[in-house]
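Heads up: the structure comes next, in structure tokens.
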2 protein chains.
Amino acid sequence: MVDGLDDFDRSILDIVQRDCQMKAEAIGHTVGLSASAVQRRLKRMREQGIIKAEIAVVDRRVTGNPMTFITGMEIERDNYDALAKFRAWVDRQDHIQQVYYVTGAVDIIAIVTAHDVGQYDELMAQLMSQNPQIRRMHTNVVLKDLKLGMMVPVQS
Amino acid sequence: MVDGLDDFDRSILDIVQRDCQMKAEAIGHTVGLSASAVQRRLKRMREQGIIKAEIAVVDRRVTGNPMTFITGMEIERDNYDALAKFRAWVDRQDHIQQVYYVTGAVDIIAIVTAHDVGQYDELMAQLMSQNPQIRRMHTNVVLKDLKLGMMVPVQS
DNA sequence: AATGAAAGTATAGCTGT
DNA sequence: ACAGCTATACTTTCATT
């Protein structure tokens, strides 16, 4: 059980989703609480897993992996744990940022970073050879990021 | 000018992309530098925009927007600034997390969160009416997140 | 030029009321 | 929520490589 957020919690989450280094005092000033109250709430939400992680967002251009690809895949649905196996595999792949199991023309959509198309091709060849449950894939090359983030609206 | 990262910088980025609250002393111990050196490098990388943001990742289930949709769109390419206008518009839409301009069968791929399919439908109706340059769209409903993150590998 | 160590400053987080 | 306390994180300085 994780629910029971009040409006203060929601306002705090709205802020730290944009900047998790903001000081408790500044947050408190914005939402109308004391610094200690904000600290208590942040601690509680971290412990409850409501705040799952606090991460730095790095400019892709300086990482040596400036390209992004969005890959749709069809998965063999016959054996049920194909998904679980694939999940465990992608967890270990640093180049694979996000993976979604979806309805529609494809079963899985992944967001992949790579140095260039050659490296992407290699990564996908590895993926196919190490995951026979993936049957087919097609790729969209990202020409430009128009918006990037993990922000979810929390205001009621 | 933003380049010129050495192996220490790369190691630090590798860490803070997973946990940006880790203390400089702990980072230093891991990468083989003193706390002061780590703090100086972090400050520099923040100022240079190499670290673009530091954000909290919130559990979608507690936000009241538990559903995710991946939407492909076709855009009117005739007028060149259609993209720029759309970019400005999506920036103001909290429910739209990520937007990519891509090659392939669709021109744009967006990742959208919503409370339920009804709200998603409303959001997309608004999108179509306020952005006539978007001509057609098709939706994949996310059944399960297999991996979520913004992590980019930085190790040379 | 950048490091590491130490000193100094500031601030965060915790406690009790 | 506030005040007081403790701990510690960041900054600055400076000698060193």
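Side-chain atoms are counted along with the backbone in the values below, which use heavy atoms only and exclude waters and symmetry mates. Letters A, B, ... mirror the listed sequences (proteins, then strands); counts begin at 1. If you're wondering where the values come from, they're calculated on a predicted model, not measured in any experiment.
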Please determine, by modelled atom types, if A:T113 and A:R60 share a side-chain donor-acceptor pair under 3.5 angstrom.
no
Under the rule for ring pair (Phe, Tyr, Trp, His ring centres under 6.0 Å), what residues qualify as partners of B:F69, not counting sequence neighbours?
B:Y120
Atom pair CD (B:Q97) and CE (A:M151), whose distance is rounded to the nearest 0.5 Å:
9.5 Å
Taking any heavy-atom pair under 4.0 Å as a contact, classify B:A35: base, sugar-phosphate, or nothing.
nothing
With a 4.5 Å cut-off on side-chain heavy atoms, are A:I75 and A:V106 touching?
no
Answer yes or no: are there more than 12 heavy-atom neighbours, outside B:R136 itself, under 6.0 Å from its atom CZ?
no
Within the 4.5 Å heavy-atom criterion, are A:M73 and A:I134 side-chain neighbours or not?
yes
With a strict under 4.0 Å distance from non-hydrogen atoms of chain B, what nucleotide opens and what nucleotide closes the contacted stretch of DNA chain D, reading 5' to 3'?
D:dA9 to D:dT13
Check whether A:N131 reaches the backbone of A:Q133 with its side chain - one donor and one acceptor, N or O, closer than 3.5 Å.
no
Of all of residues 38-46 of chain A, which get a heavy atom below 4.0 angstrom from DNA chain C, listed by number?
A:Q39, A:K43
Listed pairs, N/O of protein and of nucleotides 6-11 of chain C, under 3.5 Å:
none

Shortest non-hydrogen contact from A:I51 to B:A56?
CG2-CB, 4.1 Å
Worked verdict on A:V38 versus A:E25 for side chain to side chain contact (heavy atoms under 4.5 Å, CB included):
CA-CA 8 Å; A:V38 173; A:E25 193 184 330; over 6 Å; no
Helix axis bend for the helix from C:dA1-D:dT17 to C:dT17-D:dA1 - C1'-based end axes, five pairs, 10° rounding:
30°
Nearest-Å distance for atom pair CD/P, residues A:Q21 and C:dA12:
11 Å
B:V102 and A:V141, any side-chain heavy atoms less than 4.5 Å apart:
no
Between CG on residue A:L143 and CE on residue A:M67, distance to nearest 0.5 Å:
8.0 Å
Is a side-chain donor-acceptor pair under 3.5 Å present for B:Q98 with A:Q98?
yes
Taking distance alone, no hydrogens or angles, what donor-acceptor pairs closer than 3.5 Å link side-chain atoms of residues 15-23 of chain B to residues at least two apart or in another chain?
from	atom 1	to	atom 2	distance (Å)
B:Q17	OE1	B:V152	N	2.7
B:Q17	NE2	B:V152	O	2.8
B:R18	NE	B:D14	O	3.2
B:R18	NH2	B:D14	OD1	2.9
B:R18	NH2	B:D14	OD2	3.2
B:D19	OD1	B:Q21	N	2.9
B:Q21	NE2	A:C20	O	3.3
B:Q21	NE2	A:E54	OE2	2.6

